[in-house]
Amino acid sequence: MDYKAYIAEHLSVEGADRGEIAESIVVPPDTSLGDYALPCFKFAKLMRKSPALIAQELAARYPTDETVKEVSAVNGYLNFKIDRRGLSRSLLAQIYGEEALEGYGSSDEGKGKTVCIDYSSVNIAKPFHIGHLSTTVLGGALYRIFGYLGYKVVGINHLGDYGTQFGKLISAYKHWGNREEVERGGIHAINDLYVRFNTEATEEMEAEAREYFRLIESGDREANELFDWFKELTLSYVKKIYERLHIKFDSYAGERFYTDKMQPVIDELREKGLLVESQGAQIVDLEPYGMPPCLILRSDGASLYATRDLAAAIYRKNTYDFDKCLYVVAYQQNLHFRQFFKVLELMGKEWAKDLVHVAYGMVSLEDGAMSTRQGKVVWLEDVISRCVEKALQIITEKNPDLENKEEVAEKVGVGAVMFGALYNSKIKDIVFSYDKALNFDGETSVYVQYTCARAASVLQKAGDFGLFYDGEPNAQEFELIKALAEFPDTVRSAAEKYEPSFIARFCVDVAQKFNKFYFDCKILQAETQEIREFRLSLTKATLLVLKRALTLLGIGVPEKM
Ligand code: ARG
């Protein structure tokens, strides 16, 4: 049962709709006054009364019943005490009951709707570096979250596989490379060649590179074979990392895919009188909207990043008929997205409003000094491997007899890197620290994983037990129950706000409450058989929900730790 909705149904605040009221209801940190609370401050303007007075009036009118037993008004808050037994019964029934077949917290609200998610979008022949962590992990989480809510989801890797750098790469390869070395060194060898070109290339090589790029574009066989080879090497490299991060895509249509799809867009822009010439280039003037012009064609006729994004958006609309198309891309590209969204709007595409730039902050490393093969660039693979190594050390120290240590370390280490990008509000810049990320007592994935292992071990020792959910919960039990009850709302708002961090925080909150319950209440040696079953049911519910939540984030759960 959804208590917030239930409370909202019985409240009437002039001018505010029920959904809005339900959304405003919170679980207060101190629950001595109530289990749920409605802050009345935002109604003050609407009702032209003080929040304190509004709270008092609403409290006086509220029809208490078996479900919501007590209502009080304190300092502008309306506090509700609910039937604790009822909540625990309905929660456990939901987790175990028929609805559980679909998955607790899942829904079909997205039925018949499609969401495209453009994420990770790596660049061919360039490093897959720490800067790609957030887009990959956030995008992957959103992919699963929307799927869990019944949406059809299309994961798109908008590969950066277009541009003059490929001409440079071919030139560098011709001068300094050889097949075996590149085959062996893969992306690192390709990157070395590219870096070398940028430091050592002569005027002549620059001209040659432009010619190679032209050859790729004009369909020259040799140039295209080399290009395809570089692309293949890059993709087989990144796909291994995607596997470790549990990331998948439905489409790898990259920038190059739009080569023949740009001309119609340019024609349409011209027809609609939007294309203007400026210093030889073709642009769309965005000055009336307070933005610099959107460059469509350079003076040499070459297309740009924005041109390809325009073509891609139109293609996606035609192909998938999306209800929303998300771009999980760093905030550095804010302007780019505002610009090309605006151009689509000016073209009269009413669906331009359904394009969303899901912007996120930067990730850097605490020990920026970490040596890398290419100077300053930090490869994501190195961060993952190092974190897994450290996880293995810690696990070996803590539990030398653990079986499958490597497997556990992989889940813990990879999870820690991912959680680093998932725990804070996405727009914040993050400094990743191995020690903090692997702290068993911190607000970390390993803390949550360890809590799962603890719950699993209790259940294993318990053997068979019946589902029992009819107890009157004590304080620790009830705090845990209430935390678990937040899951469906958490998933929904994570999707609505494109904020997987809500789920990450939910995991830590539940883990903390479970641990308090675990240390304060005897589970296996409970006072009575009924209490024992109730606590075991609660333990099992916690494990199921935490596993589900971590899975939505793409993080694995070891059986034992
Ligand atoms: N490859 C680009 C980069 O690394 C990101 C592409 C994002 N997606 C898009 N449709 N522009 O910066």
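Note that this is a predicted model, so its numbers are computed, not measured.
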Any chance the rings of [X] and [Y] have centres within less than 6.0 Å?
{"X": "Phe337", "Y": "Tyr327", "answer": "yes"}
{"X": "Phe506", "Y": "Phe487", "answer": "yes"}
{"X": "Tyr36", "Y": "Phe80", "answer": "no"}
{"X": "Tyr143", "Y": "Phe249", "answer": "no"}
{"X": "Phe432", "Y": "Tyr434", "answer": "yes"}

Query raised in the report: Can Ile54 and Met47 be said to form a side chain to side chain contact (heavy atoms under 4.5 Å, CB included), step by step?
Result: CA-CA 8 Å; Ile54 296 173; Met47 298 173 73; 4.0 Å; yes
Quick one: does [X]'s side chain have a donor or acceptor within less than 3.5 Å of a partner on [Y]'s backbone?
{"X": "Asn79", "Y": "Ala37", "answer": "no"}
{"X": "Lys426", "Y": "Tyr498", "answer": "yes"}
{"X": "Ser457", "Y": "Ala453", "answer": "no"}
{"X": "Asp429", "Y": "Gly361", "answer": "no"}
{"X": "Glu70", "Y": "Gly34", "answer": "no"}
{"X": "Thr135", "Y": "His132", "answer": "no"}
{"X": "Ser120", "Y": "Val122", "answer": "no"}
{"X": "Glu477", "Y": "Phe517", "answer": "no"}
{"X": "Arg532", "Y": "Ile523", "answer": "no"}
{"X": "Thr444", "Y": "Tyr447", "answer": "yes"}

Requested in this report: Could you check Ile296, Leu295, Leu269, Leu274 and say which one makes a side chain to side chain contact (heavy atoms under 4.5 Å, CB included) with Ile283?
Outcome: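 Going through the options one by one, the only one that passes is Leu295.
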Thinking salt bridges, do [X] and [Y] make one under a 4.0 Å N-O criterion?
{"X": "Lys436", "Y": "Glu443", "answer": "no"}
{"X": "Glu486", "Y": "Lys4", "answer": "yes"}
{"X": "Glu530", "Y": "Arg535", "answer": "no"}

**Report entry** Partner residues of Glu479 under the side chain to side chain contact (heavy atoms under 4.5 Å, CB included) criterion, sequence neighbours left out
**Finding:**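 Once residues adjacent in sequence are excluded, the partners of Glu479 under the side chain to side chain contact (heavy atoms under 4.5 Å, CB included) criterion are Thr31, Lys482, Lys513.
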Quick one: pull up [atom1] in [X] and [atom2] in [Y] and give me the separation to the nearest 0.5 Å.
{"X": "Ile314", "Y": "Leu344", "atom1": "CD1", "atom2": "CG", "answer": "5.5 Å"}
{"X": "Ile427", "Y": "Glu499", "atom1": "CD1", "atom2": "CD", "answer": "9.0 Å"}
{"X": "Thr136", "Y": "His246", "atom1": "OG1", "atom2": "NE2", "answer": "14.0 Å"}

Side chains of [X] and [Y], heavy atoms from C-beta outward: is any pair under 4.5 Å?
{"X": "Leu536", "Y": "Leu524", "value": "yes"}
{"X": "Cys325", "Y": "Leu355", "value": "yes"}
{"X": "Arg338", "Y": "Phe341", "value": "no"}
{"X": "Thr307", "Y": "Asp309", "value": "no"}
{"X": "Tyr320", "Y": "Val153", "value": "no"}
{"X": "Pro292", "Y": "Gln339", "value": "yes"}
{"X": "Val115", "Y": "Lys152", "value": "no"}
{"X": "Cys507", "Y": "Leu550", "value": "yes"}

Give the minimum heavy-atom separation between [X] and [Y], together with the two atoms involved.
{"X": "Leu142", "Y": "Ala494", "answer": "CD2-O, 4.3 Å"}
{"X": "Val363", "Y": "Ser134", "answer": "CG2-OG, 3.3 Å"}
{"X": "Arg144", "Y": "Leu552", "answer": "NE-O, 2.9 Å"}
{"X": "Cys387", "Y": "Ala416", "answer": "SG-CB, 3.9 Å"}
{"X": "Ile25", "Y": "Ala8", "answer": "CD1-N, 4.3 Å"}
{"X": "Val329", "Y": "Tyr360", "answer": "C-CE2, 3.3 Å"}

State whether a side-chain donor-acceptor pair under 3.5 Å links [X] with [Y].
{"X": "Asn515", "Y": "Thr451", "result": "yes"}
{"X": "Tyr242", "Y": "Asn157", "result": "yes"}
{"X": "Tyr6", "Y": "Asp65", "result": "yes"}

**Report entry** Verdict with supporting geometry, Leu92 and Ile481, side chain to side chain contact (heavy atoms under 4.5 Å, CB included)
**Finding:** CA-CA 9 Å; Leu92 291 176; Ile481 287 167; 5.7 Å; no
Report task. Look at the rings of Phe146 and Tyr151 and say which category their plane angle falls in: under 30° parallel, 30 to 60° tilted, over 60° perpendicular. Result ->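 Geometry flag for Tyr151 against Phe146: perpendicular rings.
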Query - Phe41 and Tyr77 aromatic ring geometry - parallel, tilted or perpendicular at 30°/60° bounds - result: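 Tyr77 vs Phe41 ring planes: perpendicular.
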Row check, [Y] ring normal vs [X] NZ/CZ: under 6.0 Å, within 45°:
{"X": "Lys342", "Y": "Tyr289", "value": "yes"}
{"X": "Arg505", "Y": "Tyr423", "value": "yes"}
{"X": "Arg454", "Y": "Tyr518", "value": "yes"}

Using a cut-off of 6.0 Å, state whether more than 12 heavy atoms not belonging to [X] lie near its atom [atom1].
{"X": "Lys272", "atom1": "NZ", "value": "yes"}
{"X": "Lys248", "atom1": "NZ", "value": "no"}
{"X": "Asn334", "atom1": "CG", "value": "yes"}
{"X": "Glu496", "atom1": "CD", "value": "yes"}

Query raised in the report: Where do His10 and Arg61 land on the side chain to side chain donor-acceptor pair (under 3.5 Å) test, with the steps shown first?
Result: CA-CA 9 Å; His10 293 80; Arg61 278 210 307 259; over 6 Å; no
**Report entry** salt bridge (Lys or Arg N to Asp or Glu O under 4.0 Å) assessment of Glu9 paired with Arg18
**Finding:** CA-CA 6 Å; Glu9 232 171 80; Arg18 299 239 138 84; over 6 Å; no
Requested in this report: Go through the steps for Glu57 and Tyr62 under the test side chain to side chain donor-acceptor pair (under 3.5 Å), then give the verdict.
Outcome: CA-CA 9 Å; Glu57 287 181 5; Tyr62 190 91; over 6 Å; no
Requested in this report: Using the side chain to side chain donor-acceptor pair (under 3.5 Å) rule, take Asp83 and Tyr3 through it: C-alpha gap first, then chi angles, then the decisive distance, then the call.
Outcome: CA-CA 10 Å; Asp83 168 23; Tyr3 280 79; 5.4 Å; no
Report task. List the steps and the verdict of side chain to side chain donor-acceptor pair (under 3.5 Å) for Thr114 and Asp321. Result -> CA-CA 7 Å; Thr114 299; Asp321 193 24; over 6 Å; no
